[in-house]
Every structure is written in structure tokens, then in C-alpha cells.
Amino acid sequence: MSDVLLEVKDLKKYYKVPKGMLHAVDGVSFKLERGKTLGIVGESGCGKTTIGRAILRLVEPTSGSVIFDGVDILKLNKQEMRHMRRNMQLIFQDPFSSLNPRKTITQTIEEPLILSDMIPDPDQRFMRVMELMDTVGLAERLVNTYPHELDGGRRQRIGIARALAMNPKFIICDEPVSALDVSIQAQILNLMKKIQREMGLTYIFITHNLAVVNHFSDDVAVMYLGRMVEKAPSEALFANPMHPYTQALLSAIPVPRIHNRPERLLLRGEITSPINPEPVCRFVNRCNYAIPMCSKEEPRLMEIEPSHFVACHRVGDLQKG
Amino acid sequence: MNMEMKKPNEQQTTLEIKNLVIHYISDDEVVKAVNGVNIEIKAGKTLGLVGETGAGKTTTALSILNLVPEPQGKILSGEILLEGRSVLAMSELELEAIRGDKVAMIFQDPMTSLNPVHTVGDQIAESIEIHRKVSKQEALKQAKEMLELVGIPSERSNEYPFQFSGGMKQRVVIAIALTCNPNLLIADEPTTALDVTIQAQVLKLINELRQKYHMSMLMITHDLGIVAEVCDEVSIAYAGRIIEHGTLEDIFDHMRHPYTKGLFDALPDIGARRSELKPVKGLMPDPTNLPSGCPFHPRCDYAMEVCSRSVPENKWLSETHCVECHLYTDTNESML
């Protein structure tokens, strides 16, 4: 078995809209090793959620390939894909709308076990549910409660338990803590890390919160308008961000301290339209370092330092100072 | 500290809230949202009101303009003084005259606080027309100036909210709030719905305008990073009480309350990777069934026997710094 669990090659997802083609994800490639976490960060409309869904084929990719555990899953038929999904799960952002309000905790967690016919015996299934509740830190007395009786942190624990029910190898976590208060957010992040260690899970962690992603991920990929503009090991990305957008994104985070406050690089304007983008750098209108070349040709993602990939025409000049 | 000593002209107090208690009362339960809040904002200063879901931040903010939703919301006791005048004693007419004029509010979600069927120019002009008693034409002219001020080209005043992005909409909301040059701006999570690079732009704008017009501001947020950026003083709210208050330095460098420390410890630090975060144990208390004594005691690592029995009194540790915690009954030194 190779160390690479997931390889995504030139993945594209376009949507047809009245004004043309919306390039939600536009040629993204990366590899993810077993047991590791890849953080995907970016602002609204950068395509981070669409990537997650395209990998799981919850939206059908326009083109590209997704190789999971050696199998190109875009070539699987419905039946085979259904089987494959046991290994790939999703945790959603909003624990308030992702749970069925008419099902108890037990019913929600055991649903995948029933649908897949993995544990046909009801008693054994109940044992498994109890085991899962224990893993995610839900008290036994809550078995028959409904989502509305629980707070956001506990609801997110149900979402995690449900994702773990099938013993997956890989989980995509789409903004799993964004709807939670900070004191609860830390509890859920610690839980997800613990589970990853114990079960050897591989994560894709999608978020807009850079502090969380740095804490949580081995590698971080930064997206802008459907393209990956930078990807590097977390330490390298946060210590030495190379793409001008990554630099601005990092400096825009309000830091909770009052001394040694970093200087802020303010970006001009806002994100441009992802509909029929020109084949030029998509960041060019907001970039402080743009040169004529940037409006002529689209930069490719290149390995500037070992494992540190950047898509920018000016990265060479900027690194020299 | 003696609040009565008001130095004339210098250090005027814009807003003073004393011992405010607000409950939401329905047939089968009582939600104890605000349980004795004290707040003071001096002219030209910004106070950050920090807390998690259910801390009573928004209810407190709504009470300043007597907007607590009725009939469930009841202000049971306390005093709210706007430049020395009691808000709770004002008639509905008097209140209407100050809402949007002397005191303006910015809400969290710019998508829902604008009217989708009116142009942004009309929406800004409306508030000028009402409070400044000028002609429609003059109001529209001033509305265009306001748009320019917040960084939107005045030609766009004839456009509708759906034609603007989230950041631009929040700028429109800020323009509406500032049209009448308020003395107090209440900003309830004004950038929570925005992306970070846009948030940075909007915070910079708020900071510039605040200094230019010498406004006081109440900034409600859960983000300590934003507090560090825009506030002069901080009040930490928990279960409807202010459990610690001080200057930025008091709170960030010399925090005293275990909950304040817990809030800082739970944040992932962008500069340093730790393998484990330190969450505050347990959950926010249920406001229909608050714990006895100090509302934080079931989650507190330092809880003592007395904490479940009696609510700690507010204690001033210095001219600027106060805390509600039994740890400081006999000492001003940090017990954390």
C-alpha cells in the first residue's frame, strides 16, 4: 500500500449560469498521505466547499480524476460508489441544520449502519451506537434526546459520531467548528484530533479560520477563485507565506494581543467574478505587486522550496526581497 | 469606584448602565438574560463587550434604545443613562428622536438589515430626512456624500442592496448609522458575517470614522482579536453579568477572572502550534436555570466552597480594573 491515500488531479467543477460558465473549482491537484490532515482555506466563493463535495462526488466533477486508495472513483458506477462512500465521510458546518429534528441521537447515529446493512442485529447495533457515543463524549443518558434539546457542541459530536459509524478511512470536515463558541470549539477540535490519532484517520479540513487551520493541519492549501494559489506544510506557510494573497490573508487576522502587533497589509477591492474568468492571474486586480505579465498569462503552481508550492509570476522577485 | 465624580467638559460620560436586570418571561419559563450589568462609556471611547452565546450581550445592547422585544422581554430593574438622561423614563416620541440620531446601531448581518426593495441612496436619505428635517433632494445629496465617505462611488446610490457584495452592504449600513453623526455607535458583531480581508477593511473604516467624528462606541464581539484592534476598554460578560472589566492592558496582560483566562487559553494561537487546546470545561449555563452563587463555578478550575453559595461582589483592583470573583476577596494579586 502506498502512503498516498488520496490524489486529486486537475479537478474542475464548472456550473452553467445565465451569464456563462462559473468556474467554482478550476484545475486543482494535490496528494494527501494516510493519517495526515490537509487544511483548505480561503474566503467565500473560493471553491473550498465545492472541492470537498466534488471529491465525494456529492456534486459530479466536470473533469479531472480523484484517486482514492488506488481507485479512480470518478470511474465507479453508482453501486460501486455507494460501497466506496463507507470509507469517505463528511462532517458539516452547521450542527443545527444537518441533523434531522425528528430523530433521536440513537436513530441518527445508527442510520448509516442500517442503510449499509453493516450490523443487522438491533442489539449489536445499539452496542455500537453506545460505543460511538462514548468515543465522542456524549453521555449515555442522552440516547433518547432530540437535537433541539442539545447545544451546538453536543450536536456537532453527534455529527462526528455519525461520520465515524462506518469506520471510514477519510473524513472531510467542512467548517466543523465555525458555528461554535470558542470555549466549545476547543473541545471539538481536541476531540477530532484524538479520534484521528486513535483511528488513523485522514482529514481534509475546510475552513476560513486560519488560526484553527494552523493548529489542526499538517499541510495547508490556500484557494482563491477556484485555484490553489499556495500549498505548503503548515509551519512553512505561516512562517513564510509567499503568495501576495496568502500574505494579505494572514495579516488580516485580528490577533488577540496588544503588544508586538503585526503590520497589516490591506487589500484593495473585493473578490472578482468567477464567471468566465480570463486566463490571467485571478488575483491581479487586488495585488500590490502586479506587473503587466500578470494580466497576460495565468501563473502555474510551482515548487519554489521543497513541498512549498506557489502560483505567482513574481514569487522569485518577492523572495529576493 | 465613585461614578458620581464627573469632571466637567473633559471625560463626559456618554453611556452609563447601572445594575441592569432583563428577563424574558413566558408562560412556562423565565430566561434570565441580563442579571445586573454595569457599563460606562466615556465620550470618544470604545468599550468592547465580549462574551459567548447567551452571555446577554445583544439584550444589553437593545436595552440602550429600549428595544428589548416585548411582551416577553422585561427590564426588571436598573438604570440606563444616555448623556445623563434616563432612557427608561423617555416617551416613545423622545426615543424615536434619538434612535438613529444620537445613538445608531450596526447589526451583524448586512444581508438582512437593508431593505431589498429600496435603493441604497433612499435608505441612507430616509434617516437624514427624518432627523434633519431637510428636503428629499437635499437628503439624497447628503446620502451620496455619505456613500463616498465609506468608500462607495456616489453613482451607485441608485442601486439596490442585491447589487452589492457583503462588504459593500456593511459599508452602506455603516453609512446609514453615521448619517446623523451619532454620539454613540452600537456595533453588534459588525464584521462576523464578512471575510477576513473585508473585515480588515471595514474595521479600518470604523476606526477612522470614529476618530474623525469623536464618537463613543459599544463594540459587541466574541473575537478578542477585534477587541485588541479597536477598543479602549473591555467588559467580559458571562451569564448576564460583567465578570471582569478593565483597560486593554488590564484584560490582556493582567487578567484576573478564571473565565477570562479560559477564553484566551481556548483560542488557537496563529503564531504557535500546540498539540492540545485548553477548552473551558463544561457548557454555557442554561439561562432558565442558572447555577447558584457564581454562575461560572461549575466550570471553574478554581471553584471553592463559597462559590456555589454566594454571588461574588464586584471588586475594584485598581482605578480601571474590576472583577467579580471570590478569589479576590482578600487580595488584588493574580490567583491564576
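Contacts with chain A were tallied for Lys204(B), His222(B), Gln201(B); Gln201(B) has the most, counting heavy-atom pairs under 4.5 Å. No other option in Asp253(B), Asp223(B), Ile226(B), Leu248(B) has as many heavy-atom pairs under 4.5 Å with chain A as Asp253(B). Among the candidates Leu224(B), Asp195(B), Leu283(B), the residue making the largest number of heavy-atom pairs closer than 4.5 Å to chain A is Asp195(B). Comparing Leu189(A), Asp181(A), Leu266(A) by heavy-atom pairs within less than 4.5 Å of chain B, the highest count is held by Asp181(A).
With a 4.5 Å cut-off on non-hydrogen atoms, Glu52(B) touches chain A through its backbone and its side chain both. Proximity to chain B (any heavy atom under 4.5 Å) is restricted, for Arg261(A), to the side chain, taken from C-beta onward. Residue Leu267(A) touches chain B through both its backbone and its side chain, counting heavy-atom pairs closer than 4.5 Å. Interface remark: Val227(B) contributes no atoms to any contact with chain A (heavy atom separation under 4.5 Å). For Lys281(B), the part lying near chain A is the backbone, with the side chain staying farther off; criterion is any non-hydrogen pair under 4.5 Å. For Leu210(A), the parts lying under 4.5 angstrom from a heavy atom of chain B are both the backbone and the side chain. With a 4.5 Å cut-off on non-hydrogen atoms, Ser178(A) does not touch chain B at all.
Every residue two or more places apart in sequence or in another chain that forms a salt bridge (charged side-chain N to carboxylate O under 4.0 Å, His left out) with Lys261(B) is listed here: Asp265(B).
Ring planes of Tyr259(B) and His257(B): perpendicular class, angle over 60° (limits at 30 and 60°).
A cation-pi arrangement, defined by a distance under 6.0 Å to the six-membered ring centre and an angle within 45 degrees of its axis, is absent between Arg286(A) and Tyr245(A).
Heavy-atom contacts from other residues, nucleotides or ligands closer than 6.0 Å to NZ of Lys36(A) number 12 or fewer. The environment of Glu148(B) atom CD is dense: over 12 non-hydrogen atoms of other residues, nucleotides or ligands sit within 6.0 angstrom.
Between the Asp232(B) side chain and the Leu47(B) main chain, no donor and acceptor come within less than 3.5 Å of each other.
For the residue pair Glu230(A) and Thr246(A), a side-chain donor N or O sits within less than 3.5 Å of a side-chain acceptor on the partner.
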